Amino acid sequence: MQWFGRRESDNFEKGSSGGRGMAVGGGVLGLIAAAIYFFTGVDPSQILNQGQNAQQANTESTAPDSKQEKFARVVLADTEDVWTKLFNDMGKTYQPTVMHSFTEGVNTACGQASSQSGPFYCPGDQKVYLDVSFFDELSNKFGAAGDFAQAYVIAHEVGHHVQDLLGLSAKMEQARQQLSEEEYNKLSVKLELQADFYAGIWAHYEKNMKNVLDPGDIEEALNAANQIGDDRLQQKYQGQVTPDSFTHGSSAQRMFWFKKGFETGDVSQGNTFTAGDLN
């Protein structure tokens with residue numbers, strides 16, 4: 001991806017609570033949590049300790065942005081341009097999300113989280129939370145190398161923000177309180193796959209409107225989608241696959257919906273909630 005020297009989003013902040021031990025479990029369990037909840041959606045209570053009060057305010061950082069943070073800001077800027085256009089086409093106004101970069105742990109409107117949680121979106125404050133060191137794990141532990149795999153992570157989380165602006169976050173929270181865990185998980189899969197579709201939509205316009213993609217970029221994103229499918233992660237970390245506990249979709253489903261968004265560039269084709277066969 002051609003990103004160096006391009007516009008960086010101003011909707012970016014840094015800070016950390018400095019705390020540890022806020023993830024679900026630790027050791028191997030922490031790694032599983034980081035993988036399975038890699039692209040956390042609008043139910044952050046599944047990975048955040050909502051029962052804990054934020055006892056420590058975020059400490060703002062004045063350190064210069066790292067290369068990874070500069071990259072994240074460029075990608076975020078591109079999502080702003082693309083979704084502003086698409087919302088205008090729908091007769092709506094896009095309100096950009098803020099990306100919060102942190103290390104170790106962070107306090108959010110959804111509760112406290114650690115870096116083990118992976119990147120996530122909090123609808124309570126409409127922010128994307130990211131510890132950029134996760135990009136190293138994405139490549140080294142999950143086998144998803146390349147800058148466009150990282151861009152896919154960011155675009156997916158921004159996709160959750162798009163869902164929030166369109167009213168889906170509120171509907172999902174209502175459903176979570178009314179449905180069984182198994183029933184809600186099925187909705188969660190549809191939500192996550194739609195965020196994958198929106199990431200594909202962004203990639204479509206990144207290629208056709210921005211013209212900044214390099215050969216192999218889309219393959220990097222598809223490989224990332226493949227590596228973090230629920231079935232692949234469950235088989236790797238649990239030794240068996242239990243579809244009823246899926247929250248993000250299988251590898252095939254995630255690849256399908258990202259690819260559909262990329263190939264069509266048509267937001268109206270991403271209603272995963274009414275799709276009978278998700279792949």
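For reference, positions follow the sequence shown, starting with 1. All figures in this text were calculated on a predicted structure; none of them were measured in a lab.
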Where Ala155 and Trp202 come nearest, the two heavy atoms and their spacing: CB-CE3, 3.6 Å

Donor-acceptor pair, side chain of Asp217 and main chain of Phe148, under 3.5 angstrom: no

Donor-acceptor pair between Gln269 and Asp266 side chains, under 3.5 angstrom: yes

Candidates Ser101, Ser115, Ser114, Pro119 - the one meeting side-chain contact (heavy atoms from CB on, under 4.5 Å) with Asp131: Ser115

Minimal non-hydrogen separation, Ala203 against Ile218, with atom names: CB-CD1, 4.1 Å

Note, Trp257 side chain near Thr272 side chain (heavy atom, < 4.5 Å): yes

N/O donor-acceptor pair under 3.5 Å between Arg73 side chain and Ser9 backbone: yes

Side-chain heavy-atom pair Leu165, Gln95 within 4.5 angstrom cut-off: yes

Exam field: side chain Asp230 to backbone Thr247, donor-acceptor pair closer than 3.5 Å: yes

Counterpart residues, side chain to side chain donor-acceptor pair (under 3.5 Å), relative to Gln177 (two or more places apart): Glu173

Exercise: identify the closest heavy-atom pair between Leu76 and Asn11: CD2-O, 3.3 Å

Gap separating the CD atom of Glu206 from the CD1 atom of Ile201, nearest 0.5 angstrom: 13.0 Å

Validation row: Leu168, Phe273 side chains within 4.5 angstrom (heavy atoms): yes

Atom pair CG/CD of Leu166 and Gln194 - distance to nearest 0.5 Å: 8.0 Å

Set of side chain to side chain donor-acceptor pair (under 3.5 Å) partners for Gln2, sequence neighbours left out: Asp214

Qualifying residues under salt bridge (Lys or Arg N to Asp or Glu O under 4.0 Å), relative to Asp81, sequence neighbours excluded: Arg7, Lys210

Verdict with reasoning, Asp78 to Arg6, per salt bridge (charged side-chain N to carboxylate O under 4.0 Å, His left out): CA-CA 10 Å; Asp78 282 359; Arg6 297 177 51 230; 2.7 Å; yes

Pro123 backbone acceptor or donor facing Gln126 side chain under 3.5 Å: no

Minimum heavy-atom distance Ala224-Ala149, with the two atoms named: CB-CB, 4.0 Å

Partners passing side chain to side chain donor-acceptor pair (under 3.5 Å) against Asn88 (at least two apart in sequence or in another chain): none

Any donor-acceptor N/O pair, Asp231 side chain to Val241 backbone, under 3.5 Å: no

Aromatic ring pairing Tyr129/Phe120, orientation class (parallel under 30°, perpendicular over 60°, tilted between): parallel

Minimum side-chain heavy-atom gap Leu191-Met172 below 4.5 Å: yes

Modelled atom types, side-chain donor and acceptor of Gln240 and Gln234, under 3.5 Å: no

Minimal non-hydrogen separation, Ala109 against Gly124, with atom names: CB-C, 3.7 Å

Partners passing ring pair (Phe, Tyr, Trp, His ring centres under 6.0 Å) against Tyr205 (at least two apart in sequence or in another chain): none

Member of His100, His156, His161 meeting the ring-ring contact (aromatic ring centres under 6.0 Å, His included) criterion with Tyr121: His161

Main-chain N/O of Tyr184 paired with Ser188 side-chain donor or acceptor, under 3.5 Å: no

Linked, directly or transitively: Val98 and Trp83 (ILVMFWY side chains, under 4.5 Å): no

Trace of the ring-ring contact (aromatic ring centres under 6.0 Å, His included) decision for Phe258 with Tyr152: CA-CA 9 Å; Phe258 174 86; Tyr152 167 47; 5.3 Å; yes

Residues Lys141 and Asp136 bridged, charged N to O under 4.0 Å: no

Test item: Tyr198 and Val267 side chains (from C-beta on) under 4.5 Å apart, heavy atoms: yes

Side-chain H-bond candidate by donor/acceptor type, Asn223 with Glu219, under 3.5 Å: no

Donor-acceptor contact below 3.5 Å, side chain Glu69 vs main chain Ser66: yes

Within 6.0 Å of CG in Asn140, more than 12 heavy atoms from elsewhere: yes

Gln163 (side chain) donor-acceptor with Ser169 (main chain) under 3.5 angstrom: no

Heavy-atom closest pair, residues Met99 and Ile154: CE-CG2, 3.7 Å

Side chain to side chain donor-acceptor pair (under 3.5 Å) partners for Lys260, two or more places apart: none

Gln235 atom CD, neighbour heavy-atom count above 12 within 6.0 Å: yes

Check: Val106 and Gln112 side chains under 4.5 Å, non-hydrogen atoms: no

Leu179 vs Leu187 side-chain heavy atoms within contact, under 4.5 Å: yes

